[in-house]
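Just below is one structure, and these are the notes that go with it.
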Number of protein chains: 2
Amino acid sequence: MAKYIEIGKQIKAQIMRGEYTSDVPLPDQVSLAKMFKTSRVTIQKALDLLINEGLIYSKQGSGTYVKQNINLLSKFDATVDQYVGTTELMRGHTVTSEVIDYDVRLPEAKEQENLNLAIADAVYDFVRLRIVDGTPWKIEHSIMPVKVVPGLNKGVLHHSIYHYMHEELGETIGAAYRIIRAAQPNAYDRRYLDAVSDTPMLEVEQIVSLADGTPFEYSFTRNRYDKGSIVVYHPERPML
Amino acid sequence: MAKYIEIGKQIKAQIMRGEYTSDVPLPDQVSLAKMFKTSRVTIQKALDLLINEGLIYSKQGSGTYVKQNINLLSKFDATVDQYVGTTELMRGHTVTSEVIDYDVRLPEAKEQENLNLAIADAVYDFVRLRIVDGTPWKIEHSIMPVKVVPGLNKGVLHHSIYHYMHEELGETIGAAYRIIRAAQPNAYDRRYLDAVSDTPMLEVEQIVSLADGTPFEYSFTRNRYDKGSIVVYHPERPML
DNA sequence: CAGTGGTCTAGACCACCAA
DNA sequence: TGGTGGTCTAGACCACTGT
C-alpha cells in the first residue's frame, strides 16, 4: 500500500470523526508533513485523493478546508459511484436468480459495436429475474461475449456473475457507461414484475468494461418505479 | 496552465488522432520525458489524468496502453459526467422558460438538511417549465437559499440561472448528487407536459454544490419518458 | 535479468492570499 | 511581506513483467 494512500485514509478518518470542521482550515502541508514524518509532496498527493472524493478543497495562498457538505457525503456513501453486481449491493438480503431465457448466438450490429466484436464472435444472451427475499425485483437482459467471459453456463447465472468473474477468471471490473430512462412496461414486466399499463418502469442500459477497457457486458436492467432508484455522485473533476 | 496538463492534452490529442492504438504500448515514460523535455514524474502526472479519464491504463512492469473502448468514449463525450444547466446542454436549440410558480419562504426540514440551512434562512421556491424549440420539455422545481444565490428574481428565472451565477455572482459549480427514478405523472405533468396515466415520467432529484461545497440547489426535474434520458459515465477510481 | 511503471524525497521556485 | 498551496526537478529505490 502506497504511503500517501495510507495517510489519506488517516486524514479522512480524522475528518469523519469531526476533528476538523469547515470553520477552520486543516493544518498546513508543512505541519502535516512533520506530523506524518514525510515530505510535503507526499502530503499533497494524499490531500489530492480527498479532494477527488469531494471531502476537502484547497485554496492557493489560503489553506485547505473541509467542505460544508460532508454530512451529505456520508449519507450517500454506500451507494455512490461504485459498480458492483446486484448480489453485492443487497448484502443482508437473500438474492436469487431465475433464468428466464438463455442462448448463445452471433451478435447483432449494435452489440458488435458496443462490445467491440467481430461478426463471428459469439455472445451469450440471457434474461434473468432477480428475486430479493422472495419477491421479484428486477429483470436483467444481458449480452456478454463468449471470448471475454468463457464458461458462463446456467449454473453460474443462478449465482453472481461478478463473483464468478473475479474469483474464477481473475478479472477486475473497470468503467461503466449507463443510460438511464423511464419506459412503459413490456411483456416481461407484466408477466414477472406484476406491472400494468400505468406502472412506470426504470430502465438502465449499460456497457461495462474490464480494467483494461475490454467491454464485457451490454445489458438492460428494468425495475418497477417503486422498487428502486439510481444514486449518482458527480464530483467536480479537473478537465483536460 | 500547469505543464503536466498541457502535456496530457497533447498526448490525448495524439491518441484521438489514432497515433497510438490498443495493440502496442505507448512510448515508455523515460522516452516521453525526453520527447517533452521534462522529468519522468511530470509525464506520470500527465498520464494520470488520462487514466482518470478512462483513456489509457498502465501495467507495472509492462507498459502503458490505450484502452479498447476509446471509440465508445468519444461517442458519449458530449454528455458525460459534467454538470451544466439546461440552456447550455441544448446549444443550437432555442430554450425558453415559463415561470409557473414563484415564492420566497422558510425552508422545510428536509430542505434545511439538504441545503445546510438554519431554520430562519429563507429560500426561493420556484417551478419552471422549460421549452425547447416551442415544445414543452421538462418541469424543474427548485429550492435555492437566498443567502447563497441572492437576487434571483423572475427576470433571471426566464433565462439561465447557471449563467447568472457564473457571470453575475462569480461562483463556480462543484459536485452534484442525483437520485434518478421513474414516477407516475402528477398534476403538473398532465397539465404542462401532456402526460396521461400511462405516461411514465423520469425524475431527477438533485443537490448541487459550489466549488467550496456549499449546497445551493435542491431540485426535482421531470420529463416524459420519450423526451430525454440520463447518460452517466462511471470511471474506475482509486478508492480510499 | 533488463526494462518498465510506482513511489518517495529534498529542495527549488512560483502564484496567490491576507494582514 | 510572510505564509500558504501549486508545480517541477533529479535522482533514488522498489515492484512487477516478460524473456
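Here is how names work: the chains are called A, B, and so on, in the same order as the sequence lines, proteins then strands, and each is numbered from 1. Heavy atoms only: backbone and side chains are in, while hydrogens, waters and symmetry mates are out. From a predicted model like this one, the values you see are computed outputs, not experimental measurements.
- Of the candidates D/dC8, C/dT7, C/dG5, the closest approach to any side-chain atom of B/Tyr4 belongs to D/dC8.
- As a whole-Å value, the separation of B/Lys37 NZ from D/dC8 P is 17 Å.
- The side chain of B/Gln29 has C/dG6 as its nearest neighbour among C/dG6, C/dC16, D/dT9.
- Residue side chain B/Arg40 reaches the base of C/dG6 through a donor-acceptor N/O pair under 3.5 Å, judged by distance alone.
- Comparing A/Gly63 and A/Val41, the nucleotide of DNA chain D nearest to each residue sits closer to the 5' end for A/Gly63.
- Taking 4.5 Å as the limit, every side-chain heavy atom of B/Pro145 sits out of range of all side-chain heavy atoms of B/Asp121.
- Residues B/Ile7 and B/Ile43 meet the side-chain proximity criterion, which asks for heavy atoms closer than 4.5 Å.
- Each of A/Thr38 and B/Ser31 lies near DNA chain C, and the nucleotide nearest B/Ser31 is the one positioned closer to the 5' end.
- Phosphate proximity of C/dG5 to B/Thr64: present, with a side-chain N or O under 4.0 Å from OP1 or OP2.
- Note: CD1 (A/Ile5) to C1' (C/dT7) measures 10 Å, nearest angstrom.
- Side-chain proximity of A/Gln60 to the nucleotides D/dC8, D/dC16, D/dG5 is greatest for D/dG5.
- The existence of a salt bridge linking A/Glu19 and A/Arg17 is confirmed by a sub-4.0 Å separation between a basic side-chain nitrogen and an acidic carboxylate oxygen.
- Judged by closest nucleotide on DNA chain C, B/Ser58 is the one of A/Ser62 and B/Ser58 placed further toward the 5' end.
- In this structure, A/Lys45 places its NZ atom 17 Å from C1' of D/dG5, rounding to the nearest Å.
- Between the side chains of A/Glu205 and A/Tyr177, no donor N or O sits under 3.5 Å from an acceptor N or O.
- The A/Gln44 side chain lies nearest to D/dG6 when the options are D/dC8, D/dG6, C/dA10.
- Taking side-chain N and O atoms only, B/Lys3 has a distance below 4.0 Å to OP1 or OP2 of D/dT9.
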